[in-house]
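Working notes for the structure below.
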Amino acid sequence: MKRTEFWKGFSVGFAALMLLVCLCMTAFAASNRTIEIEDGIGISINGAVFIPKDVAGKQVPVFIYNGTTYVPVRAIGEAMGLDVQYDSAKQIVLLTTQDRVLAQNGGSGSYITDDKAKEIALKDAGVKTEAAIFLKVKLERENGRFQYDVEFYSGSSEYEYKIDAATGKILKADRELEDFIVTPPASGNGETISAERAKEIALTNAGISVNNAVFTKVKLDWDDGRPEYEVEFYAGSMEYEYEIDARTGKIISQEIDQRD
């Protein structure tokens, strides 16, 4: 009798053990799935090539799985001017536009404007408005607070500022001497044409409609002491490269090549 009960208990225990092993194997298989993807997918934002990177600066891959394109949400979100947060308790990614974030933090009236940020930077640098050419005035969120990144040229110097958007306090100031002299445009307002205008000039010269062009590069840079746009795109089997004066819109150089 005791022997029968022993084998009965042993059988029940062994069956329970095998069930547990099977469940573990199933869970392991579910968490280590192998899928087939299509990688090497590129991204273009406003006609310019965008390479997504993580917080460490490492490139993050973009791929297609079952007809859906998967991209790193933080890299894309921040590139589009969105505030990106992650709620670990609810396991949800929070995407918020800058105007909504400002409103949630006390209203846009509690933050300085971009013109005020430019004024603060110019005053600290001792540079007059008409003597400056601005490259960047952008509101960004860093270390939990909003700040303006301000970059401009004047004479042979390049200035970079980080300014607290709530207090107007200068968080960082940097000045570098360049090996050229930057001359402001005749209008004296330090403005350059937009990237969209540069693209339009290049397309008009090439005789290509915007619907038939794929842009790979639209970048504002400096060459020989003047700001200029480097514009690259292809249409059909032809590739086009332009250098356009960012102040006057004049085409400095152009090149057309046959693509393979």
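Just so it is clear, the structure is predicted and the values come from calculations on it, not from any experiment.
Scored by the side-chain hydrogen bond (donor to acceptor under 3.5 Å, both in side chains) test, Glu243 finds Ser253 as partners (sequence neighbours excluded). Listed by chain and residue number, nothing satisfies the salt bridge (charged side-chain N to carboxylate O under 4.0 Å, His left out) test with Glu38 (two or more places apart in sequence, or in another chain). Listed by chain and number, the residues in a side-chain contact (heavy atoms from CB on, under 4.5 Å) with Lys116 are Ile112, Thr113, Glu119, Ile120 (sequence neighbours excluded). Evaluation of the side-chain contact (heavy atoms from CB on, under 4.5 Å) rule for Leu95 yields Val73, Leu82, Val84, Val93 as partners, not counting sequence neighbours. Residues satisfying the side-chain hydrogen bond (donor to acceptor under 3.5 Å, both in side chains) criterion with Tyr229, sequence neighbours excluded, are absent altogether. Partners of Glu36 according to the side-chain hydrogen bond (donor to acceptor under 3.5 Å, both in side chains) rule, which considers only residues two or more places apart in sequence or in another chain, do not exist here. Every residue two or more places apart in sequence or in another chain was checked for a side-chain contact (heavy atoms from CB on, under 4.5 Å) with Asn66, and none qualifies. The side-chain hydrogen bond (donor to acceptor under 3.5 Å, both in side chains) test applied to Glu228 returns no partner, not counting sequence neighbours.
Other residues sharing a hydrophobic cluster with Leu171 under the 4.5 Å side-chain heavy-atom criterion for ILVMFWY residues do not exist; the residue is a singleton. Side-chain heavy-atom separations under 4.5 angstrom define the hydrophobic clusters, and the remaining members of the one that includes Tyr70 are Ile35, Ile37, Phe63, Tyr65.
The hydrophobic cluster containing Ile251 also contains Met238, counting ILVMFWY residues as joined when their side-chain heavy atoms lie under 4.5 angstrom apart, directly or transitively.
Under the 4.0 Å criterion applied to side-chain N and carboxylate O atoms, Glu230 and Lys217 are assigned as salt-bridge partners.
The backbone N or O of Gln258 lies less than 3.5 Å from no partner atom in the side chain of Ser237, so there is not a single donor-acceptor pair. Looking at Asp54, its side chain does come within 3.5 Å of a backbone N or O of Lys58 through a donor-acceptor pair.
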Listing, residues 200-213 side-chain donor-acceptor contacts under 3.5 Å, not counting sequence neighbours, or none:
| from | atom 1 | to | atom 2 | distance (Å) |
| --- | --- | --- | --- | --- |
| Glu200 | OE2 | Arg197 | NH1 | 3.0 |
| Thr204 | OG1 | Glu200 | O | 2.8 |
| Asn205 | OD1 | Tyr242 | OH | 2.7 |
| Asn205 | OD1 | Gln254 | NE2 | 3.1 |
| Ser209 | OG | Asn212 | ND2 | 2.9 |

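Using a 30° and 60° split on the angle between ring planes, Phe152 and Phe134 fall in the tilted class, from 30° to 60°.
Applying the salt bridge (Lys or Arg N to Asp or Glu O under 4.0 Å) test to residues at least two apart or on different chains, the pairs with a partner in residues 146-157 are Lys136-Asp149, Asp149-Lys162.
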